[in-house]
Enquirer: 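This structure is in C-alpha cells; I'll ask about it shortly.
Lettering follows sequence order; numbering is per chain, from 1.
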2 protein chains.
Amino acid sequence: MTVRNDAEPTQQRRMSAVPTIHDVAAHAGVSPMTVSRVLAGGTSVRPAKMERVLAAVAELGYRKNENARSLRPGQRTGLIGVIITNVSNPYYAELQLGVEEVLSAENIRLLVGNSGEDPARERQLVADFIGRHVDGLIVVPTGGDTSHLSERSLGSIPLVLASRELEGIEADTVVIDDVKGAFEGTSQLISEGHTRIAYLGNMVSVFTSKRRYDGFEKAHKDAGIEVVPELVRAGQRDPATAQDAMEELLQLPDPPTAVFSANNRNTIGVLRALRSNALSFAQPGETAPRSDIRVVGFDNFELSDMMPFLLNVIEHDARELGRQAGKLLVRRLRENNNDAPRKVQLPTHLRI
Amino acid sequence: MTVRNDAEPTQQRRMSAVPTIHDVAAHAGVSPMTVSRVLAGGTSVRPAKMERVLAAVAELGYRKNENARSLRPGQRTGLIGVIITNVSNPYYAELQLGVEEVLSAENIRLLVGNSGEDPARERQLVADFIGRHVDGLIVVPTGGDTSHLSERSLGSIPLVLASRELEGIEADTVVIDDVKGAFEGTSQLISEGHTRIAYLGNMVSVFTSKRRYDGFEKAHKDAGIEVVPELVRAGQRDPATAQDAMEELLQLPDPPTAVFSANNRNTIGVLRALRSNALSFAQPGETAPRSDIRVVGFDNFELSDMMPFLLNVIEHDARELGRQAGKLLVRRLRENNNDAPRKVQLPTHLRI
DNA sequence: TTGTACGCGTTATCAG
DNA sequence: CTGATAACGCGTACAA
C-alpha cells in the first residue's frame, strides 16, 4: 500500500495545495487508476463509479498534473515553444496569433519567448524549451550561428522556421515570396519612370532583407537600369534609424525620386523623414505637405492607408503565415514521420 | 539497482531520445546524484569528477527535465501563465513584452494564451495553466463570470490583474488612471468651447470603458454642462464597427463638433469615418481633407502623429504596465507572503 | 565526498 | 470492470 505522509495527510493537503488524483480517488472511494480511466475517456468504467468520480473531481476542483503526466514515456507535454524576434512589431504579434489559433485548436499551449534579434538569447530560449520538453518549436530565426537549431542539437523535436529560412538547416519552413514582392514593388516605380530609387532595409544578413534586396535588384536589371549604390541604405532596424537614413538621402546633391522600403519599420521612418522635411503637417484647414518622392514599402501596417503621403504597400498575411507554421508543426506531430521538409511560400500583393 | 528497460537500454536511448541524468551519469562514470549535485551548483563534489560530469553534459547535450524536477514538493515550475485579451492589438503586444522583460530576467518562462475577450476561453486557459502548475498568473480579465479567478479556485497561485480590475477579486492589480485621463481629454475639448461631444467606446461592462466614461462624464459635470445622450456610442470593439458608429453620428441633424474616443480601436474607426466623409484624401499636391471635428482619443498608437487630422491622444505606457505586472508577481513569488493586494495605478498624459 | 532509497503525480500493464 | 505495481526524471534525506 502506498503510504503518503503522516497521519491524515490527504486531509491536510486538500486544504491548501492542489488536489492530486489520490485525493480524488479517496474522495470517490475508488482507486487512482479508476479516476485516471474516467478522465481518459471513461471506457470500461461502471457508470455509477464514473459519476462518483466526476462529482469528486468537480468538488475538489481537480486538474490533472500535466507535468507529471508527460513524464511517462511516449507522452507529450502538449507544449510548443515559439520564439519570435520582436512581438512589439505588430507583424509578429499577428504571427503569434495565427500560431495560437491553430495550436489551441489542438489543445497545445504556447511557450513564448522574444529573441530580440539576439542569437545568444535565441539559443538560450531553445535550450530552455528543450529542458521543458516541448513537443515542437516554431522559430523566427535571427540568423548567425544556427547550431542550436541543427537536427543534432534538437534531436527528435520538430522545428518549423517562420518567415525566414536558415542555410544549412533542414526544417519545415513558411516564408513569403519576398523576391517577387520586392520585384513587383520596384518594377512599379520603374514603370512610372523613376531611375534613382533609394533602398532602405535591414542588414542583408537577415534572410528576408537579402531576398527583398534581390527582388529590388532584379527589377532594375530586367528594366535595363542599374541600382544606384549611393541610394542604398541597409541596416536600419527601427523607424528612428530609418528616419535618419532617409534624412541623409534627402540631403544628397542629387536625391532619389522614389524610395523602396524593405519593411514596415523602415517605411515608417521614411514617412517621418518626408514629413519633417515638409514645411508643415496637415492641420485642419492647412495644406498637406507635398512630397514628390514616391514610396513603395514592403509589409502592410495598420493605418498605412491613412498616411498623408501617397504610399503603396506590398502586403502579405502575417496571421496566415503563423497559421501555416502551426499547421506544418501539427502535421509533423501527427504523422511523426521523417518526410522531407516542406516549404510553404505565401504570396504578396502590391496594393495600388 | 534500478533496471531500465532490457539489454543495453542506455545505449539505445542515447541514439534518439533526450538524454537523462542517468545517461550523463553513465557517461561520466558517476552516480546520477553526483550529476544532480554538479548541476545544482557543484558544492561538495571532487573537481575531477565535476569536470568529467560537465564534459559528459556537454557531449550529450543534456538538459535537465524541468517537468520532472518541478514534480518534487516545494519545487516551482518556473512557468507563469499570461492571458491577454487580444495580442493583435499592439497595446497588448507591448504589455506582453513588458511582462517578458521582467520575468525572463528571473528565468521564468511565459505560457501565453489569447482569450479574445471570451470569458469561457479565459476560464479554459486558466484551468489548463493550473494543470501545468504555473507559479503564477497575469491576466487581462475579460470580466463577466470571475469564479475561475477567485482565491478559492486558484488556491495558492498568485494572480496579477493587468489593465483591468475585477469586482470581488482581491489580487495585485496594475491599471492606468483611466478616469483622470478621460477627464483631462474631455476637459480639453470643453475648454475649446465644445459642448456637443460624442463618446465612442467599448461596452461599459468592460472595466476600463466604464472608468473612461466616468471621466468623460465628470468633465462635463465639472464644467456645468451635460452629456448629450444621443452622441454616446458604446459597444464598438474594433475599428470597423467604430467607423459605422461614427458615420451614423455624422448623419445626425445636429452632429457633434468634437469626439472623445475611449480607446485606439475606436479612434481609428473615427478617423476612417472622417476621411470617408471628406471629399478626398491627401495625395501629393492635393489638399488635406478638412475636418472641423475635433478628436481626442484614449491610448496612443503608432503613427497617431501622422494622421491627416488634428488628433490629441491620451498616452500611457503599455510596456511599463506589463513590467509592473511582472514585478508585482515576482515580488509575490519571492516573499511568498499574504500581504494585502497591492494596487498600482499608472499615469496618463494628454499629448497636445 | 559519494551513493542509495524513496516519493513527487501519472498511467501502461497485468493480474484478478 | 477494477486495482496493485512499477516506472517516467529528478532531488531530498539519509547512509556509507
Side-chain angles (χ1 to χ4, degrees), chain A residues 1-6 9-10 12-14 17-26 28-53 57 60 62-78 130-133, chain B residues 1-6 9-10 12-14 17-26 28-53 57 60 62-78 130-133:
Chain A
M1 166 189 166
T2 304
V3 178
R4 291 179 61 80
N5 282 335
D6 323 72
T10 307
Q12 288 182 13
R13 301 192 81 260
R14 194 177 302 150
V18 182
T20 77
I21 200 169
H22 287 88
D23 300 321
V24 177
V30 298
S31 80
M33 209 39 238
T34 300
V35 178
S36 178
R37 270 191 267 261
V38 169
L39 266 41
T43 48
S44 41
V45 175
R46 204 177 297 277
K49 290 202 175 189
M50 185 144 158
E51 257 182 68
R52 287 218 315 269
V53 168
V57 165
L60 270 51
Y62 168 71
R63 292 243 93 216
K64 228 187 314 222
N65 182 336
E66 290 295 324
N67 301 326
R69 188 190 53 73
S70 68
L71 208 54
R72 316 267 359 258
Q75 299 277 355
R76 296 196 159 141
T77 53
I130 291 177
R132 303 202 120 90
H133 282 216
Chain B
M1 164 188 166
T2 305
V3 178
R4 290 182 60 82
N5 281 334
D6 324 73
T10 307
Q12 289 184 11
R13 300 193 81 261
R14 195 177 301 148
V18 181
T20 76
I21 201 169
H22 288 87
D23 300 321
V24 176
V30 298
S31 80
M33 210 39 238
T34 301
V35 178
S36 177
R37 271 190 268 261
V38 169
L39 266 42
T43 48
S44 41
V45 176
R46 206 176 296 277
K49 290 203 175 188
M50 187 147 156
E51 258 182 67
R52 288 219 312 269
V53 169
V57 166
L60 270 52
Y62 168 71
R63 294 242 94 217
K64 221 186 323 218
N65 182 336
E66 291 292 326
N67 301 327
R69 189 192 52 73
S70 69
L71 211 53
R72 308 287 331 270
Q75 300 276 353
R76 296 196 160 140
T77 53
I130 291 177
R132 304 202 120 90
H133 284 217

Enquirer: Whole angstrom is fine here: how far is it from CD1 in A/Ile130 over to C1' in D/dG9?
Expert: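 Interatomic distance, CD1 of A/Ile130 to C1' of D/dG9: 17 Å.
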Enquirer: Expressed in angstrom and rounded to an integer, what is the separation of B/Glu66 atom CD from C/dG9 atom P?
Expert: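 Value for this atom pair: 18 Å.
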Enquirer: Please report the distance, rounded to the nearest Å, between CZ in A/Arg132 and P in D/dC8.
Expert: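 Between P of D/dC8 and CZ of A/Arg132: 22 Å.
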Enquirer: Among D/dG9, D/dG11, C/dT11, which nucleotide has an atom closest to any side-chain atom of A/Leu71?
Expert: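 The nucleotide sitting nearest to the side chain is D/dG9.
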Enquirer: Can you see which heavy atom on A/Arg63 is nearest to which on B/Ile130, and at what distance?
Expert: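 Minimum heavy-atom contact is CG-CG2, 4.4 Å.
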Enquirer: Whole angstroms only, please: what is the CG-P distance between A/Asp23 and C/dC8?
Expert: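 One finds 11 Å between P of C/dC8 and CG of A/Asp23, rounded.
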Enquirer: B/Asn67 CG to C/dG9 C1': how many Å, rounded?
Expert: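 It is 12 Å, rounded to the nearest whole Å.
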Enquirer: Tell me whether A/Arg52 contacts the main-chain N or O of A/Ala28 through its side chain, where contact means a donor paired with an acceptor under 3.5 Å.
Expert: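 The answer is yes, because a donor-acceptor pair under 3.5 Å joins these two groups.
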Enquirer: Starting from the 5' end of DNA chain D, give me the residue, A/Val45 or B/Ser36, whose nearest nucleotide shows up first.
Expert: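 That would be A/Val45.
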Enquirer: On DNA chain C, check which nucleotide each of B/Lys49 and B/His133 is closest to and give me the residue with the more 5' one.
Expert: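 Between the two, 5'-proximity favours B/Lys49.
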Enquirer: Check the distance between D/dT12's P and B/Met33's CE and give it to me in whole angstrom.
Expert: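 About 7 Å, once rounded to whole Å.
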Enquirer: Over how many whole Å does the gap from A/Asn65 atom CG to D/dG9 atom C1' extend?
Expert: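 Distance, rounded to whole Å: 14 Å.
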Enquirer: Please give me the minimum heavy-atom distance between A/Asn67 and B/Arg132, naming the atom from each residue.
Expert: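 Smallest heavy-atom distance, with atoms named: ND2-O, 3.0 Å.
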Enquirer: Can you find an N or O donor on one side and an acceptor on the other, under 3.5 Å apart, linking the side chain of A/Arg37 with the base of D/dG3?
Expert: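 Yes, the side chain and the base share a sub-3.5 Å donor-acceptor pair.
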Enquirer: Give the intermediate values and the outcome of side-chain contact (heavy atoms from CB on, under 4.5 Å) for residues A/Thr34 and A/Val45.
Expert: CA-CA 7 Å; A/Thr34 300; A/Val45 175; 4.2 Å; yes
Enquirer: Just by modelled atom types, is the B/His133 backbone N or O under 3.5 Å from a matching donor or acceptor in the B/Arg76 side chain?
Expert: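 Absent.
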Enquirer: Please give, in whole Å, the distance from D/dG11 C1' to B/Leu39 CG?
Expert: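 Rounded to the whole Å, the gap is 12 Å.
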Enquirer: Which part of the nucleic acid, if any, lies within reach of A/Arg72 when heavy atoms closer than 4.0 Å are counted: base, sugar-phosphate only, or nothing?
Expert: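 Since a base atom lies under 4.0 Å of A/Arg72, the category is base.
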Enquirer: Where the side chain of B/Thr20 is defined as all heavy atoms beyond and including C-beta, which of D/dC10, C/dT11, C/dT4 is the nearest nucleotide?
Expert: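 Nearest listed nucleotide: D/dC10.
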Enquirer: Using the side-chain heavy atoms of B/Thr34, tell me which of these nucleotides is nearest: D/dG11, C/dG9, C/dT2.
Expert: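 My answer, after comparing the listed nucleotides, is C/dT2.
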Enquirer: What contact category does A/Arg46 fall into here, base, sugar-phosphate, or nothing, at under 4.0 angstrom with non-hydrogen atoms?
Expert: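 The answer is sugar-phosphate, as A/Arg46 gets under 4.0 Å only of primed atoms, P, OP1 or OP2.
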Enquirer: Looking at the side chain of A/Val30, which of C/dG3, D/dG3, C/dG9 is the nearest nucleotide?
Expert: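 From the listed options, D/dG3 comes nearest.
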Enquirer: Counting side-chain heavy atoms from C-beta on, which of C/dG3, C/dC8, C/dT10 comes nearest to A/His22?
Expert: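 Between C/dG3, C/dC8, C/dT10, the one nearest the side chain of A/His22 would be C/dT10.
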Enquirer: To the side chain of A/Gln75, which of C/dG9, C/dT11, D/dG9 is closest?
Expert: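 From the listed options, C/dT11 comes nearest.
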